[in-house]
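Data block below; observations after.
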Number of protein chains: 2
Amino acid sequence: MRVLVIEDETKVGSFIKRALEEESYAVDLCEDGAQGLDMALSGSYDLIMIDLMLPSLPGLEVLARLRKEKIQTPVLILTAQSKVDQRVKGLDAGADDYLTKPFAIDELLARVRALLRRGPAESPGIFQIDDLVLNPATREVTRGGQRIDLTVKEYALLEYFMRHTGRVLTRPMISDHVWNQDFDTFTNVIDVYVNYLRNKIDRGRARKLIHTIRGSGYMLKVD
Amino acid sequence: MRVLVIEDETKVGSFIKRALEEESYAVDLCEDGAQGLDMALSGSYDLIMIDLMLPSLPGLEVLARLRKEKIQTPVLILTAQSKVDQRVKGLDAGADDYLTKPFAIDELLARVRALLRRGPAESPGIFQIDDLVLNPATREVTRGGQRIDLTVKEYALLEYFMRHTGRVLTRPMISDHVWNQDFDTFTNVIDVYVNYLRNKIDRGRARKLIHTIRGSGYMLKVD
DNA sequence: TCTTCTCTATGCGTGTGCTCGTCATTGAAG
DNA sequence: CTTCAATGACGAGCACACGCATAGAGAAGA
């Protein structure tokens, strides 16, 4: 899951970035409204977080243009003012949720999870395929009841796979959602990480779940 | 446990702040009603204390708006008048308890403990994991029956851990609940204090309780 | 003054993320 | 069936960030 944070206060921004990264999100941080809009328009993000007070372009304007371009990515508004009309304006402009600063990081994370949960599939809080279970709330993964320890990146990759079970995932799709902006296209990192995952999830099991679609990408499914 | 105190009399306010800090609470003090409301809305607090006589925005109003925004944090009302109707109004507006000034500090602390005990988990007064026991009422900690002396900060950290056993606690989450507002994100204080706790709690024991989740944070659990 | 506590600063070891090179597999053409 | 090119699998190894430990500065209180 990739998140764009448009926030001009460096301190707040990097605090949020770090918190999200510890929760295994890929995070791009942008301190300028106009530039942030450009990035948001790429459509690579699963969630966009916008501060209302921005230099160069106010947050509400960013949001409005985004919606005008038919980008339906969930948007979470950050605002210093708790004034009710500000919030109403934000929600009217197409925000999905708002949060007033200062906020508790737990609260931010909870809302992020909530926004991502109401995905296209209207999915529940837990993902399961065969005897493989992933719980995003606790970031716990088990197979056949047995706990599996994953690194942050491995977890991010697996979560992406499990959110798109039975679909072919191309390498560009994977890098777009699991890695952040400064991903280098000309490497085989993805292959390497898929291999790591295989070792921890499929190695020694009767039914393999991770399948290679030669010439296209990978797919998570039961045969 | 983090507490917000909204009290315009500087002397009373800092007296309360100090008393609470000695009991290992993280305390933010605010002398203005409107600003206090903003802070309270962040959801960062485990308890909020409001004086009824405030400049800019009366205490009852702060409380009412808080409840309107669905913030369910326990609220303790401070009031100079002991008039019955005042109290009734306060409780009607959604306060959980009240205290008339002047009050004995012991009484204040007792009520704070009582309010925090009825947490979201409907928790008992005592926390236990393996042979480690923590009693918030006496702030006494033992492991295997043996008393363990902790400093104020160490205790606050351990209490936070024990209230969230078995869950991964990220550094931002920890700083949000154990340190107060002016916490500096870019230091390793948390690591240092976890290390202190390890020395006093896990050092030399067969079963370790504090575990590092690399890239994420820490977790308190039995293996 | 001396002690206690909180926090800063720094050096060090190690796991993670990643690169690279080589080997295995696949599928198509001869 | 053999050959060959394209594609992917995977082990080895490197660099760096992360977390640990420890020393000491600074503040507050006895």
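Here the C1' atom of nucleotide C:dC7 and the CD atom of B:Glu154 are 13 Å apart, to the nearest Å. A:Asn195 places its CG atom 16 Å from the P atom of C:dT16, with the value rounded to the nearest Å. Rounded to whole angstrom, the span from the CH2 atom of B:Trp179 across to the P atom of C:dT6 amounts to 9 Å. Across the protein-nucleic acid pair, B:Leu197 atom CG and D:dA21 atom P stand 13 Å apart, rounded to whole Å. Atom CG in B:Asp184 sits about 10 Å away from atom C1' in C:dC7, given to the nearest Å. For the pair A:Tyr196 OH and C:dT16 P, the interatomic distance rounds to 10 Å; values are reported in whole Å. Between A:Arg171 atom CZ and D:dA9 atom C1' the separation is 11 Å, expressed in whole Å. Distance CZ (B:Phe186) to P (D:dA17): 15 Å, rounded to an integer number of Å.
Checking each of A:Ile48, A:Leu20, A:Asp46, A:Val178 against A:Arg2 for a side chain to side chain contact (heavy atoms under 4.5 Å, CB included) leaves exactly one that passes, namely A:Asp46.
Between B:Tyr160 and B:His164, the angle of the ring planes lies from 30° to 60°, which puts this pair in the tilted group.
You'll find that the side chain of B:Tyr218 is closest to D:dC20, out of C:dT6, D:dC10, D:dC20.
Closest-nucleotide positions on DNA chain D for B:Arg198 and B:Glu22 were compared, and the one nearer the 5' end corresponds to B:Arg198. Comparing A:Val194 and B:Ile213, the nucleotide of DNA chain D nearest to each residue sits closer to the 5' end for A:Val194. Residue-to-nucleotide proximity on DNA chain C shows that, of B:Val189 and B:Leu150, the 5′-proximal contact is made by B:Leu150.
Salt bridge annotation for B:Asp149-B:Lys200: absent, with no cationic side-chain nitrogen under 4.0 angstrom from a carboxylate oxygen. The pair B:Asp223-B:Lys208 does not meet the salt-bridge criterion, since no charged nitrogen lies less than 4.0 angstrom from a carboxylate oxygen. A salt bridge links A:Asp130 with A:Arg143: the closest approach of a Lys/Arg side-chain nitrogen to an acidic carboxylate oxygen falls below 4.0 angstrom.
Between C:dG15 and A:Thr151, no contact under 4.0 Å exists linking OP1 or OP2 to a side-chain N or O. A:Thr212 has a side-chain polar atom (N or O) that falls below the 4.0 Å cut-off from OP1 or OP2 of D:dA9. Regarding contacts with the backbone of D:dC20, every side-chain N or O of B:Arg203 stays at 4.0 angstrom or more from both OP1 and OP2.
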field: Footprint string (nucleotides 21-27 of chain C, 5' to 3'): B base within contact, S backbone only, - free, heavy atoms under 4.0 Å
entry: B---BB-
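For A:Arg167, the CZ atom sits in a loose shell: 12 or fewer heavy atoms of surrounding residues, nucleotides or ligands are nearer than 6.0 Å. In the displayed structure, B:Phe15 atom CZ is contacted under 6.0 Å by at most 12 heavy atoms of other residues, nucleotides or ligands.
Counting non-hydrogen atoms under 4.0 angstrom, A:Val192 reaches a base of the nucleic acid.
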